[in-house]
Every structure is written in C-alpha cells, then in structure tokens.
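Report on the following structure.
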Protein chains: 4
Amino acid sequence: MKKLDKGAAAKEREGAKPARGPGFEAKRMEILRGAAILFAENGYHETSVNMLSEKLGVSKPVLYYYAENKDDILVQIGQISLDMLRAAMSRAQKAQLSGVGKLRHFFTAYTEIMCSDFGRCFAFVDQKVVSAEARAENSAGRRVIEAAIREIIVEGQSDHSIAQCSPEFASRALFGAFNAIPRWFKEGGEFDAREVAEVYIDLFVTGLGR
Amino acid sequence: MKKLDKGAAAKEREGAKPARGPGFEAKRMEILRGAAILFAENGYHETSVNMLSEKLGVSKPVLYYYAENKDDILVQIGQISLDMLRAAMSRAQKAQLSGVGKLRHFFTAYTEIMCSDFGRCFAFVDQKVVSAEARAENSAGRRVIEAAIREIIVEGQSDHSIAQCSPEFASRALFGAFNAIPRWFKEGGEFDAREVAEVYIDLFVTGLGR
Amino acid sequence: MKKLDKGAAAKEREGAKPARGPGFEAKRMEILRGAAILFAENGYHETSVNMLSEKLGVSKPVLYYYAENKDDILVQIGQISLDMLRAAMSRAQKAQLSGVGKLRHFFTAYTEIMCSDFGRCFAFVDQKVVSAEARAENSAGRRVIEAAIREIIVEGQSDHSIAQCSPEFASRALFGAFNAIPRWFKEGGEFDAREVAEVYIDLFVTGLGR
Amino acid sequence: MKKLDKGAAAKEREGAKPARGPGFEAKRMEILRGAAILFAENGYHETSVNMLSEKLGVSKPVLYYYAENKDDILVQIGQISLDMLRAAMSRAQKAQLSGVGKLRHFFTAYTEIMCSDFGRCFAFVDQKVVSAEARAENSAGRRVIEAAIREIIVEGQSDHSIAQCSPEFASRALFGAFNAIPRWFKEGGEFDAREVAEVYIDLFVTGLGR
DNA sequence: GATGAATGAGGCTTCATTCAT
DNA sequence: GATGAATGAAGCCTCATTCAT
C-alpha cells in the first residue's frame, strides 16, 4: 500500500538475484503455499503477518526475506497462479482439437488450478489490496487469457463446434461460473475437480433448454 | 466489557428500539447506500470508518447511531439485499410461467438487484468479516433462494421447459455466472442490466454447442 | 474476532510464551512500576495509554508487547502485589511469635508493601475495571490472606496474646485502617512506613479506652 | 473536566435559582440517589451518561437540567453526603457525653450515612474525577470533620475517657476502618449498620491486646 | 419541559514493518 | 541467516455534551 518501488522487487525476482542458496526456491514455495491457504481460508485482511509467521512456523523477518511486503506475498501467489493458467492455456491452444474441445480442455485445467491451494487464494482474494502496478500486471494476465478464450470460441464457431453467440458474453459467463467453483468445492468430496469441470462444460455446451 | 454479543444489536433493530422518529429510516438508508457504494468500489477493509464519515458527510458517531458497528453496516446492507432477492424470488414463483420462464424472470430481477448499489456491495464484499451469527443468517438467506432455484429447475424439467440435468450444478453455475456480472457491468454502458440478463439466460438455455 | 477470552492472556504468561529473551522480565517490571505510579497518582481512567507511553518513554505498541491490555497492566500489578503480600504472610506465619506478634509482623510488612509503588496502585485502583476472571483471582488472593489473619487472631486468642473478639470484624477493621495509610502517607515524611505500622498496631492492641 | 465556570453553577444552586417548580428538589434528589447507587455499584467511569439516563428513566437532556455535568452529579452527591456528615458531627458535639461517648455517637451515625445510597457513592468513588475546585471544597469538608474528631479525642483524653495516643493517627485509623465498612456491608444481613458500628467502636476502645 | 439526532475529542488497540543483536 | 524488541500510523469505537424541533 506504500509502494516504494515494487517493480524493482518483482523484477529482481526474475533478474540478478542476490546470491540465494539452492533451498531458497523450495522454501519460498512452501511459504507462499501456506500463505495462500491461510488467505483463502480466512481472508487476506483477517490474516495478519503475525498469524502467517506463527502458522507457517517462521519468524516475521523470514517472511520479509522471501517477500517485499505482505501484499507482495499475494502478488507472488497471483504470479504463480497466472503462470499455471498461462501454461494451461498454452496446452489447450496447442491441442489438436475443435473449438469446443479446446474449451473443454482449458476449463478442465482451469478448474483444477482454481481448486488448488494457489488458485483458491487467487480466486478468493480481491486484488484491490495490491499496488496499482502489480494489479495492472495481474489484470493484464487475466485479460490475455480471456482474450484467448474468446478466440477459441470464435474458432469453434468457425469449425461449427460452437453455436453463434457473443464471445464476450460467453467468455464472461464461463469465467464467472468456473470462478465460483472453489467457493463450494471440497477436496475429497463426491466429485473431484476434473469431474466438476466436465459437468459444467456439458451444462454450458448442451444448455438448459428443451 | 466491550462487545458482549453482536447479535443483540441485530435483534434490537426489530425489537425494543430506543425511540426513533420519522426520518430515521430515510437517513439510515441514505447512509447504508453510501456505504454500500464505497464498500463495493474500494473494498470493505480499504474503506475506513473515517472515510465513510467524510464521504457521507456525517460525523463518525452518526454512523454508530445508525449501525452498531462497522460490520453491522455490512450486515444491514446484506439484509436489504436479501430482502430484495427474496421479494424477487417470490414474484418469480407466483408468476404464471413455465419453469424456464420463472428462471428467466428471477435472474432478470437478480441481475438488476446485483447491479444496484446495495447488490453490488452484497456481491463483492466477502462476508468473512461479519460475526458468525450474522453470517449464518446471511448464508441461510442465500441458501433458501438457491433451493428455490433448484426447485424451479425441477419444475421446469417436469413441464419439459428445462432439459434433464443436475439442478445442484445448474443452480451453482447460474449463480456463479450472474454473480460475476456486476464485476464488469457499467451503468450507462451499451447494455442495461436487464439486457445483460437476457443474453446470459439465452446463453444458458440455448447452450454453446452445435 | 476482537477479545475472545481475556483469561487466555493471563494463563499464557505462565504457559507457552512466544519466546522471551532475558531483559524481558526487567523491562516488564520497569513498565509495570511506572504504570503503577501513574495509576496510583492520577487514577486508572485518568491515565490514558497515550499518557502511559509518553511518561514511560516507550511507544504504545511496546505496552501491548508487555501486556495484553490496559487492564492487564493493572492485573499484573495486582498479581505482583498479591505475591508480595503472600510472601509477607508466609514469613509472618513461620515466625516464632505469639499471635499478636505475628499480627504485628504481618501488618508491618503489609504497610511497607502498600506504601510501595505497586502496593499503592493495588490499594487505590478499583478492580472494577478488570475482567471478571482476573477480578475473581484477585479477590481469591485477598481472601486467602484475610483468612490467614483471622486464623492468626484465633491463634492469639488461644495463646492469650489477643483478647476475645470477633476475628471477622477485627480483621476487617485492621485491613480497613491499614489500607487507608497510603492515602495520606508520604515517603520521606516524619515517619517511615514501618513506624506508621507500629503506631497503628499499638493503637489497635492497646485500644483507645481508659 | 472542562470546567468553564463550575463555581457559578454550584453557587447558583444555593442562590437565585431560575424559577424552578416545586417538584424540582424532589426530582433532583431522585436522580442523584439513582446515580449514586449506580456509581457505587458500577463505578463512576463504568457508568455512562447514557446508562444513567436509561436506568433512571429520564432522557439525557433532563440530566443536564439537574446537573451541569456528569461530574457535577458526583459533586452534588458529595455535597449531600457532607451535609449529612456535618449534621451528624454537629449532633455529636452537642451531645452531653464524654469524649469517648461523642466518638461512639458520631461514628455510629457515620456508619449509617456511609452505608446509605449517597454515602456509599461518596465512600467508593474517587474524587479525582471532579474539578479541582469542587475537590477542594469536598476535601475541606472532610478535613473539618476530621479536625472535629481529633478535637473530640483530645477532649476524651482530658476527661480521661480516652487513653493517651496521637489524635492524628487515631483519627486516621478510625476513618480508615469505618470507611471500609460499606465495601462489605450488605443491607439486610446479620447486622445492621448501627450494630456494625457498635462492634467496631468496642474494638477500637477495648483494643485487641491481652 | 422534553427528545431524537448530532458531534468533537479522545480512548484503546493492532497492524505491517524494521532493526540491533 | 534468524529473532526479540520496537515503532509510526492508522483503525474502530464511545463518551460527554448540545441543539433543533
């Protein structure tokens, strides 16, 4: 919230890092995952840095060794989530499938990601808390993916696997519906994420009519 | 010695009130509406009581004259929203329409409500901040409406206006999709809420397939 | 979400503490002593946390590092005072003295304690401000000491060093009289606490009659 | 605490009053008595003006009609208490009794007063909260009475009804002991205030020795 | 004479963050 | 590389008090 130069930090993470040992990345992931779980469960503001340090079993300064800020933690979680989503999109795009096939392919992966530790946090925690800069980066990432989905829909309309409809609206309805899944999904329940995704896709493809 | 029981306040609102003149209700609504707008725009935690009092043009104690708490403001906004939703559901249920017709009827109203000042706040702000008791009441309200939708779906399946599908999943997908509308909807844009609702319903009814 | 249970804090002080280095105890005592002086001088409610932090030369959060609450400060002061009183009583009970000798022994120490920084605060500040739980603990401590005094009186009546009289009333009169001493006693005045105690005891033993 | 001109108010109460109806004095007493009970029971700071108005069944502005201030309420209670004490002292001084007889006479009345509604408040509530001016007046009142007691003691020493001892210390011990009575005294218990006073006086006169 | 509504000022508490060791 | 201790800033809330009606 008092962004001095967050950009520097973010860039640093992918640039000339200051001599970080081999365990660094593993520990960083461990911390981020723990934080993601807590943020998703309790909410970002309801999870104090104190609580993080206690529940993660590390001292507060350690947290500041792995993240610039409290919200940098959230930013990093978002980056990881977006990376996963981008990879999923990439795989879908490369798949030898019809438009609707790619849609199904992507949203299955999307559901799995959004029900994972990182994804749940990404889905639940409002990005309003992070710096404008980081938020912009995040939004850009999302937008790229949404654009890709619209393109897939258009593609499906070309190959006649998807009906004529507004790609904008369809994309929004799809993301809206799928984003809400982690809100009620319980790991280890009757269905796993993959199955839920299948049902949802079928619903969207078939429609409720008749 | 401080907060004994939050619930007492909520109950008080419908119980033995400490003498309230006319005008109270109007001012209360004015304050709640202003707060709802700010909460929806900036986020609950990002909107301090100070900010509320400044932007609403009242002193801080006034807020505490109309609400027990900062989160009671949110609770009251939720109650108003739920009341509107319940009324909408009631109208839909009473309408002389097929299942799909009732669905369309309800979700049109739903969209309008969720795009209103109160509804946007209700849609955006996580109820994690409110007391367990109030949250339970809120959840119960939502669940009643969700159950009613599932019933309407079943009804539609009986009257053959809705295809065979899991009412649970369909209901969740519908709410997920519609809940996300206020996240991008802009008042005064190309479409009004009613029109967006139409498009969405068509999408859901027709399906993306073929 | 705010104050769940005050008692947890008190218990924590003797339980699983969050890692406290040496120096902690000394600083804690320093803060408590300063607070005790201010509370005794100005009154508990008249001494704001702001004032405490200013006069003690520490920032406000530091106070909350050493105490849960404003009233936990008072509670801790009470615990220290009670510990001193218990120790004094223990010494008096073990002394090889007649009943009246033990009485004299205890109330001399009592006076010294009640005229000390901690004792004055303990004597002056009404425990009405602290949580029911802490107040109960405090009262229990007092009652144990009062019971011990009654026992000493009975003992003195057995060994004929104390006249027949109601131990309950005698004990109450004694504590009442001695508790009031710090209200007028000035350190460095004509008499020191020990001497005042002597005079009081003589008065009580000899009586005003004849 | 923000004494503008409390003196004016106090004086006004005994001077040219602004046309107050006949019921004024009765209602004033009723309010003061109720406040005294609440202050004694809950403490001055723990009793908000809101609570006063609720429990006394009058609106807040009414309280400000009968008292300048919250602490003026306390001041008035103090004045009433002091008036009672002064009257009691006056009666004791005029009685045709030995020194010790006057002592007994006064402290019996003193106990009754201090166990009454007004007296309990006077005994329990620290005058630290009232304006310097009012506190001075109050202290002066107390001091006059204490001086009178010392004089009675001297008188008793002259008429050989009281033993040689320091009148200062004796007076302080007496007031200390008697002031504490309302702290444990319960109306309607085994003893009434008069009887408690008798026992205490006997204790003080006879002494604990032998 | 009474009250619903309003307020300035200040209270207590906690948060994210840093630094000396 | 780690931590106990510290802090500036800000948060929510409540109090005694007053006025327009």
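One finds a salt bridge joining B:E25 and B:R28 here, because a Lys/Arg side-chain nitrogen approaches an Asp/Glu carboxylate oxygen to under 4.0 Å.
Place B:G57 and C:H45 on DNA chain E by their nearest nucleotides, and B:G57 ends up nearer the 5' end. Of the residues near DNA chain F, B:Y44 and C:V62, the one whose nearest nucleotide (by heavy atom distance) lies more toward the 5' end is C:V62. Nearest-nucleotide positions on DNA chain E place D:V58 closer to the 5' end than the other of B:K27 and D:V58.
Note on C:K60: a base of the nucleic acid sits closer than 4.0 angstrom, heavy atoms only. Within 4.0 Å (heavy atoms only), D:Y64 reaches at least one base atom of the nucleic acid. Within the nucleic acid shown, B:V49 comes within 4.0 Å of sugar-phosphate atoms alone, with no base atom in reach, counting heavy atoms only.
The CG-P distance, from D:L63 to F:dT17, rounds to 10 Å in whole Å. Counting to the nearest Å, the P atom of E:dG4 and the CD atom of B:E25 are 16 Å from each other. For the pair C:N50 CG and F:dG8 P, the computed distance is 12 Å after rounding to whole Å. Going from atom OH of B:Y66 over to atom P of F:dC13 covers 18 Å, rounded to whole Å. Distance CG (B:L52) to P (F:dA10): 17 Å, rounded to an integer number of Å. In this structure, the CD atom of C:E30 is 13 Å from the P atom of F:dA5, given to the nearest Å. Regarding C:N42, its CG atom lies at a distance of 13 Å from the P atom of E:dG11, rounded to whole Å. In this structure, CD of D:E46 is placed 12 Å from P of E:dC12, rounded to the nearest angstrom.
Put simply, B:Y65 has a side-chain N or O that comes within less than 4.0 Å of OP1 or OP2 on E:dA5. Phosphate proximity of E:dT13 to C:N69: present, with a side-chain N or O under 4.0 Å from OP1 or OP2.
Listed for the D:Y44 side chain is a donor-acceptor partner under 3.5 Å among the backbone atoms of D:D71.
Out of E:dG8, F:dC13, E:dA5, the shortest distance to the side chain of B:P61 is found at E:dG8. With distances taken from any side-chain atom of B:K70 to the nucleotides E:dA6, F:dT17, F:dC12, the minimum falls on F:dC12.
Counting heavy atoms from C-beta on, the side chains of A:I31 and A:V62 come closer than 4.5 Å.
Base pairing of F:dA20: its partner is E:dT3, meeting the Watson-Crick or G-U wobble criterion (both donor-acceptor distances under 3.5 Å).
Using modelled atom types and a 3.5 Å distance limit, the side chains of C:E54 and C:N50 yield no donor-acceptor pair.
Ring-plane geometry between B:Y65 and B:F24 is classed as perpendicular, the angle between the planes exceeding 60 degrees on a 0 to 90 degree scale with a lower cut at 30.
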